Protein chains: 2
Amino acid sequence: MNIAANNPELKSWVNVPEDSHFPIQNLPFGIFKTKYLNPGACVAIGNKVLDLTYLNNNGFLDDLGLPQGLFNQASLNDFFRLGKKRVREVRNKVSNLLRHDNPELRNNSIAVEMALIDMKEVEMLLPVYVQNYTDFYSSIEHATNVGIMFRDPANALLPNWKHLPVGYHGRASSIVVSGTPVIRPKGQTKAPDQEMPVFGPTKRLDFELEMAFITCGDTVQGESVTVADAEDMIVGMVLFNDWSARDVQVWEYVPLGPFLAKNFSSSVSPWVVTLDALEPFRVQGPVQDPPVLPYLQFKGKRNFDIQLSAAIQPEKGPNTVISNTNFKHMYWNMAQQLAHHSVNGCNIETGDMYASGTISGPTPDSYGSMLELAWKGTKPIKLADGSERIFINDHDEVIISGYAQHAKYKIGFGEVRSKILPATK
Amino acid sequence: MNIAANNPELKSWVNVPEDSHFPIQNLPFGIFKTKYLNPGACVAIGNKVLDLTYLNNNGFLDDLGLPQGLFNQASLNDFFRLGKKRVREVRNKVSNLLRHDNPELRNNSIAVEMALIDMKEVEMLLPVYVQNYTDFYSSIEHATNVGIMFRDPANALLPNWKHLPVGYHGRASSIVVSGTPVIRPKGQTKAPDQEMPVFGPTKRLDFELEMAFITCGDTVQGESVTVADAEDMIVGMVLFNDWSARDVQVWEYVPLGPFLAKNFSSSVSPWVVTLDALEPFRVQGPVQDPPVLPYLQFKGKRNFDIQLSAAIQPEKGPNTVISNTNFKHMYWNMAQQLAHHSVNGCNIETGDMYASGTISGPTPDSYGSMLELAWKGTKPIKLADGSERIFINDHDEVIISGYAQHAKYKIGFGEVRSKILPATK
């Protein structure tokens, strides 16, 4: 596996601010548009986006033999369908074009003027057309917290939890990109002391701090992907906010799982950070005890050390970070999730999105939802402006951010930021 | 609403056998291909399919002003996206071309030769690209049976069941058309008396006799569809077999619902029977008591009298009908399902598929799954060849069929037929 783009010594001729999420070692893919350009694929570098359509149309990627029109599309699906190896080749090539000692693009002032666009001038769109969306439940801390709050503290984890990565299907149509406002959903709720349910805006709107991986390539129905091969089908990751209406959820979810409590909206960050770029950040996950069945056993480091935070920004107040957690805590890793998902022959498609479930760490300040942070409303969270929250208010903006920290640079995801608008009349 | 095609007096110049599912009053839409023709849209009439691409390319539909290329596609999505009114116009126009007293197509022997193809010569494909798939749980008899078997017979229905149409998201990628074999899925199971789970082919493979509706048109996220308007977005229906691995399901489904027990495959019939064609078969549904919340209240007849059956055909034996039920039994109707699904702002897309949940009737011979028919394995079902079933065996073919019966004709769905292949090694 030749990931030339990961060389930590590389510098780019494009200025990359010290703390940038997008050094030359990252080069995540996204879909952008501008006032003048239709949606198309790009790569992030520093505070700029690099237009892949321009590069492909003007000979800079010719040695890769890519299809014409691959990048001037409103999603990365056709690109990702070429498979992980081809995506790696493009990332390596872009890295080569951006390195400080390569004059090919740098000294072509027209090309630089055309292809390198200030992030302030672009609108980032949903990076993939989401074919299928699944949400897992793979943080042992989160599952334990929920079990303590809603079931039996002595037996917080259900019997199946340590034997399989519990997951469920979600709604693909309502996944939106960072910056898209989220309208407070209405729904049916029933308090335990009420005899009849009522209808109205949720009173317990929550975020869930998650990450999601995106697949490249399609399997044949009836076949399955092994744990050993699963990462060949995972092109990269995004930040994911699995919005949840807790009062709707608790009333509707038995016996078939969450439905309207979740499907009004999920928000994702616009940049697909490749698993390749995350290679240097592999770590061991938690020990899985009891041992898992053979089809879920894995070798090597399958977790990733990615620092994550959630913040609330009230309409007129400053931003308050309310959680700091890490993707490395996940009990079930992505390779296990994908192997499990396909072990029954369920076919995987390019552009599927598989979310992790809420990522809670071991300490109360590392929990990934208001439900846990404010412990079912009993421990209000104080914001910098002096106000308190047990759930999310109208006009609050919730910002989830994340990056992997190398000695010399950050591999960042940017953020997923969503403002809550009041329920419709 | 002008549904000229529903005129019960109409006869076609195309021969329609007495018991046909596809008289001129039906005219369902599908996607077919032949040895010589790429996938494209068609209408069923008697034992023939009528090629809509040919009609559109050769002037027969000119007064409708349809886009070129609308029908020579591998799905009906673009057609259905035009909306219910346009679909109705096409059905009315096709009806006009097929009526016995219209010579326009009938007397054009070249056109008849080209456009009218024997069903034996065509392969029917999945009619829509399924954007999103949701499965409801709307038969009170089925929910009650499951509650009695697995929970508390005295409180078989969960508290939310009569207040909202319980549903969950399923997997769109693995929905296949009638005739596609279904490979017995493997999965993780744990018997109550086992300490640890095991992995292997399901031992409790079940069918679920369902119907599904398909949407035409897209809503804006944040907006909702009222019960009164919901049927404007429902273009038609298909038969639906929601394959289920019961042993996998019981182990995995808490707390987030069915997952691998269902997502290996769901099978649908190829013909989208329009809601227009089903107009004459409207009936009152069961009384909903307690009364539902205002957003779920409806006027008029919203259920449909559709006779349904399930049969098992062993590899070398005759076919045995094991269940006769009816869609009219559903407690929650389609308009309520769609209104509920979108009441939180979840956006609806053209080509979404919404399944009913298992359709069980009030009597034991009208249950819609082996789980209920053989009552959790305690009452084996005897087949015509003398063998018994409590679940579905390898090489069994399961056939779900359905039609609405008019005094003069049947509005049929054809069938969804699937053969079970042994699990892969």
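Chain identifiers are assigned alphabetically (A, B, ...) following the order of the sequence lines, protein sequences preceding nucleic acid strands; residue numbering begins at 1 within each chain. Bear in mind that the values here come from a model prediction, so they are computed numbers and not experimental data.
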(message) Can you tell me which portion of A/Val248 sits under 4.5 Å from chain B's heavy atoms? Options are side chain, backbone, both or neither.
(response) neither
(message) A side-chain contact here means heavy atoms from C-beta on lying under 4.5 Å apart; do B/Leu126 and B/Val176 qualify?
(response) no
(request) Sort A/Leu164 into side chain, backbone, both or neither according to what part of it lies under 4.5 angstrom from a heavy atom of chain B. (result) both
(request) Check whether A/Leu293 gets within reach of chain B through its side chain, its backbone, both or neither, counting any heavy atom under 4.5 Å. (result) side chain
(request) Output all residues satisfying side-chain contact (heavy atoms from CB on, under 4.5 Å) with B/Ala212, sequence neighbours left out; order by chain, then residue number. (result) B/Val238, B/Phe240, B/Met353, B/Ala355
(message) A side-chain contact here means heavy atoms from C-beta on lying under 4.5 Å apart; do B/Pro255 and A/Val146 qualify?
(response) no
Taking 3.5 Å as the threshold, show me the donor-acceptor pairs across chain B and chain A, one per line with distances to 0.1 Å.
{"from": "B/Tyr129", "atom 1": "OH", "to": "A/Gln131", "atom 2": "NE2", "distance (Å)": "2.4"}
{"from": "B/Gln131", "atom 1": "NE2", "to": "A/Tyr129", "atom 2": "OH", "distance (Å)": "2.4"}
{"from": "B/Asn132", "atom 1": "OD1", "to": "A/Ser173", "atom 2": "N", "distance (Å)": "3.2"}
{"from": "B/Asn160", "atom 1": "ND2", "to": "A/Trp251", "atom 2": "O", "distance (Å)": "2.9"}
{"from": "B/Asn160", "atom 1": "ND2", "to": "A/Val254", "atom 2": "O", "distance (Å)": "3.0"}
{"from": "B/His163", "atom 1": "O", "to": "A/Gln188", "atom 2": "NE2", "distance (Å)": "3.0"}
{"from": "B/His169", "atom 1": "NE2", "to": "A/Asn263", "atom 2": "ND2", "distance (Å)": "3.1"}
{"from": "B/Arg171", "atom 1": "NH1", "to": "A/Tyr354", "atom 2": "OH", "distance (Å)": "3.4"}
{"from": "B/Arg171", "atom 1": "NH2", "to": "A/Asn347", "atom 2": "O", "distance (Å)": "2.9"}
{"from": "B/Arg171", "atom 1": "NH2", "to": "A/Asp352", "atom 2": "OD2", "distance (Å)": "2.8"}
{"from": "B/Arg171", "atom 1": "NH2", "to": "A/Tyr354", "atom 2": "OH", "distance (Å)": "3.2"}
{"from": "B/Ser173", "atom 1": "N", "to": "A/Asn132", "atom 2": "OD1", "distance (Å)": "3.2"}
{"from": "B/Ser173", "atom 1": "O", "to": "A/Asn347", "atom 2": "ND2", "distance (Å)": "3.1"}
{"from": "B/Ser173", "atom 1": "OG", "to": "A/Asn347", "atom 2": "O", "distance (Å)": "2.9"}
{"from": "B/Ser173", "atom 1": "OG", "to": "A/Asn347", "atom 2": "OD1", "distance (Å)": "3.1"}
{"from": "B/Ser174", "atom 1": "O", "to": "A/Gln221", "atom 2": "NE2", "distance (Å)": "3.1"}
{"from": "B/Gln188", "atom 1": "NE2", "to": "A/His163", "atom 2": "O", "distance (Å)": "3.0"}
{"from": "B/Gln188", "atom 1": "NE2", "to": "A/Tyr295", "atom 2": "OH", "distance (Å)": "3.0"}
{"from": "B/Gln221", "atom 1": "NE2", "to": "A/Ser174", "atom 2": "O", "distance (Å)": "3.1"}
{"from": "B/Gln221", "atom 1": "NE2", "to": "A/Phe264", "atom 2": "O", "distance (Å)": "2.9"}
{"from": "B/Gln221", "atom 1": "NE2", "to": "A/Ser265", "atom 2": "OG", "distance (Å)": "3.4"}
{"from": "B/Trp251", "atom 1": "O", "to": "A/Asn160", "atom 2": "ND2", "distance (Å)": "2.9"}
{"from": "B/Val254", "atom 1": "O", "to": "A/Asn160", "atom 2": "ND2", "distance (Å)": "3.0"}
{"from": "B/Leu260", "atom 1": "O", "to": "A/Asn344", "atom 2": "ND2", "distance (Å)": "2.8"}
{"from": "B/Asn263", "atom 1": "OD1", "to": "A/Asn344", "atom 2": "ND2", "distance (Å)": "2.6"}
{"from": "B/Asn263", "atom 1": "ND2", "to": "A/His169", "atom 2": "NE2", "distance (Å)": "3.2"}
{"from": "B/Phe264", "atom 1": "O", "to": "A/Gln221", "atom 2": "NE2", "distance (Å)": "2.8"}
{"from": "B/Ser265", "atom 1": "OG", "to": "A/Gln221", "atom 2": "NE2", "distance (Å)": "3.4"}
{"from": "B/Tyr295", "atom 1": "OH", "to": "A/Gln188", "atom 2": "NE2", "distance (Å)": "3.0"}
{"from": "B/Asn344", "atom 1": "ND2", "to": "A/Leu260", "atom 2": "O", "distance (Å)": "2.8"}
{"from": "B/Asn344", "atom 1": "ND2", "to": "A/Asn263", "atom 2": "OD1", "distance (Å)": "2.6"}
{"from": "B/Asn347", "atom 1": "O", "to": "A/Arg171", "atom 2": "NH2", "distance (Å)": "2.9"}
{"from": "B/Asn347", "atom 1": "O", "to": "A/Ser173", "atom 2": "OG", "distance (Å)": "2.9"}
{"from": "B/Asn347", "atom 1": "OD1", "to": "A/Ser173", "atom 2": "OG", "distance (Å)": "3.1"}
{"from": "B/Asn347", "atom 1": "ND2", "to": "A/Ser173", "atom 2": "O", "distance (Å)": "3.1"}
{"from": "B/Asp352", "atom 1": "OD2", "to": "A/Arg171", "atom 2": "NH2", "distance (Å)": "2.8"}
{"from": "B/Tyr354", "atom 1": "OH", "to": "A/Arg171", "atom 2": "NH1", "distance (Å)": "3.4"}
{"from": "B/Tyr354", "atom 1": "OH", "to": "A/Arg171", "atom 2": "NH2", "distance (Å)": "3.1"}

(message) Need one label for A/Val166: side chain, backbone, both or neither, based on atoms under 4.5 Å from any heavy atom in chain B.
(response) side chain
(message) For chain A, which candidate among B/Pro185, B/Pro159, B/Gly167 shows the most heavy-atom pairs at distances under 4.5 Å?
(response) B/Gly167
(request) Given side chain to side chain contact (heavy atoms under 4.5 Å, CB included), test A/Phe264 with A/Ile183 step by step and report yes or no. (result) CA-CA 8 Å; A/Phe264 58 95; A/Ile183 300 168; over 6 Å; no
(request) Let me see the working for A/Ile420 and A/Leu205 under side chain to side chain contact (heavy atoms under 4.5 Å, CB included), right down to the final yes or no. (result) CA-CA 9 Å; A/Ile420 300 301; A/Leu205 181 60; 3.6 Å; yes
(request) Among B/Ala245, B/Pro181, B/Gly170, single out the residue with the greatest number of heavy-atom pairs under 4.5 Å to chain A. (result) B/Gly170
(message) Quick check on the interface: out of B/Gly187, B/Ala261, B/Pro258, who has the most heavy-atom pairs with chain A under 4.5 Å?
(response) B/Pro258
(message) With a 4.5 angstrom heavy-atom cut-off, is it the side chain or the backbone of A/Phe150 that approaches chain B, or both, or neither?
(response) neither
(message) If I compare all heavy atoms of A/Ile392 with all of A/Phe207, which pair ends up nearest, and what's the gap?
(response) CD1-CD2, 4.0 Å
(request) Tell me, for B/Val198 versus chain A, whether the close heavy atoms (under 4.5 Å) come from the side chain, the backbone, both or neither. (result) backbone
(message) What part of A/Pro290 gets within 4.5 angstrom of chain B, counting heavy atoms only: side chain, backbone, both, or neither?
(response) side chain
(request) Name the region of A/Ile348, side chain, backbone, both or neither, that has any atom closer than 4.5 Å to a heavy atom of chain B. (result) both
(request) Could you check which of B/Pro197, B/Gly222, B/Ala172 has the highest count of heavy-atom pairs closer than 4.5 Å to chain A? (result) B/Pro197
